Amino acid sequence: MFVKRLVFVFLLLAALSSFAGRAMAQSEPQQFVVVYVEFKPADTRAGREVLEELASLAEDSSGVIRFDVLQQTDRANFFALFEIWTNAQTFADFQNSSTTQAILTQLTPLLEAPLDQRPGNLLTGAVNPRSQHAQARQIFVITHVDVDPQNVPQARPLLDTFVDDSLNDPGAQTFALLSQAPTLNHFQLVETFANLKAFEDHLSAQHTVDFRTNIDPLLGAPYDERLYQFVNP
């Protein structure tokens, strides 16, 4: 009887250990990445083609959830990548692969500035599946919010409330707040609207005006809001 009980205890501990391991794996945060890309104006077309090649490679990679190539609406040679990976390791595996490195090497002579890569995690809000962002008229917005480090405790509730309010705006499809690791006083607002009018209505909403008024004295740098459209939506 004692031996049976001992075996039962060992089996139970093994099961609990296995469950805990799975739970830890499942609790790994998704890896969000925003990359700003600036091409020499004369190399815009060639650069765009290389980014599309990179996106095609990413979409066939293990662990990718979303990989968007975005072109800035008012500066055709400025692009951004918006990526979501299952975790930091799958992103690192993609970045470090020889095929990815070869494509990144192709980009280098086309750039007017180094790639500005900003990894982070989702803090609040919602990011809809890529399939809901399939029309060329849709507007993708990325805003870099640089908060003075000492003001982060006051800024976070304002940012969280702004995201919650904005998700209810007509035409808002994605509105999310990302951290920027390891610079935790830097944030990214990631937004998608059905069209330009929906975005402009959001800008005019009272909750947006209130947020911009209240966040301004807490910032360490200008509020950097950039509008994009999807490349080959």
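Note that the structure is predicted; figures quoted are calculated from it, not measured. All values below come from the heavy atoms of this structure, side chains included, with hydrogens, waters and symmetry mates left out.
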Between [X] (side chain only) and [Y] (backbone N and O only), is there a donor and an acceptor less than 3.5 Å apart?
X: D165; Y: N168; answer: no
X: N96; Y: A92; answer: yes
X: T44; Y: P41; answer: yes
X: T208; Y: S204; answer: no
X: N185; Y: V147; answer: yes
X: Q31; Y: G120; answer: yes
X: S179; Y: L184; answer: no
X: T90; Y: N87; answer: yes
X: R66; Y: F32; answer: no
X: D68; Y: L70; answer: no

Answer yes if the side chains of H186 and R118 hold a donor-acceptor pair under 3.5 Å, and no otherwise.
no
Side chains of Q117 and Q95: donor-acceptor distance under 3.5 Å anywhere?
yes
Might you work through the side-chain contact (heavy atoms from CB on, under 4.5 Å) test for L178 and V190, ending with a clear yes or no?
CA-CA 8 Å; L178 309 180; V190 176; 3.6 Å; yes
How far does [atom1] of [X] sit from [atom2] of [Y], to the nearest 0.5 angstrom?
X: I139; Y: N195; atom1: CD1; atom2: CG; answer: 8.0 Å
X: N151; Y: L219; atom1: CG; atom2: CG; answer: 8.5 Å
X: E225; Y: E191; atom1: CD; atom2: CD; answer: 6.0 Å
X: R226; Y: R75; atom1: CZ; atom2: CZ; answer: 8.0 Å
X: T143; Y: L177; atom1: OG1; atom2: CG; answer: 10.5 Å
X: R45; Y: L110; atom1: CZ; atom2: CG; answer: 13.5 Å

Minimum heavy-atom separation for [X] and [Y], please, with both atom names.
X: L57; Y: T100; answer: CD2-OG1, 3.5 Å
X: K40; Y: P109; answer: NZ-O, 2.9 Å
X: F67; Y: A58; answer: CD1-CB, 3.3 Å
X: P170; Y: A198; answer: O-CB, 3.8 Å
X: T213; Y: P217; answer: O-CD, 3.4 Å
X: N121; Y: P29; answer: OD1-CB, 4.1 Å

Which residues share a ring pair (Phe, Tyr, Trp, His ring centres under 6.0 Å) with F79, sequence neighbours left out:
F39
Mind checking ring pair (Phe, Tyr, Trp, His ring centres under 6.0 Å) for F94 and listing every partner two or more places apart, or none if nothing turns up?
W85
For the aromatic rings, using the six-membered ring if either is Trp, is the centroid distance between F78 and Y36 under 6.0 Å?
no
Dump the intermediate steps for side-chain contact (heavy atoms from CB on, under 4.5 Å) on L189 and V141, then the final yes or no.
CA-CA 8 Å; L189 287 168; V141 184; over 6 Å; no
When the ring planes of F175 and F162 are compared, do they come out parallel, tilted or perpendicular, using 30° and 60° as the limits?
perpendicular
Using 30° and 60° as the class boundaries, would you call the ring planes of F140 and F230 parallel, tilted or perpendicular?
perpendicular
Intermediate values then yes/no, side-chain contact (heavy atoms from CB on, under 4.5 Å), L158 and L218
CA-CA 10 Å; L158 296 177; L218 305 179; 3.7 Å; yes
Before accepting this row, confirm whether a basic side-chain N of the pair R212/D216 lies closer than 4.0 Å to the acidic partner's carboxylate O.
no
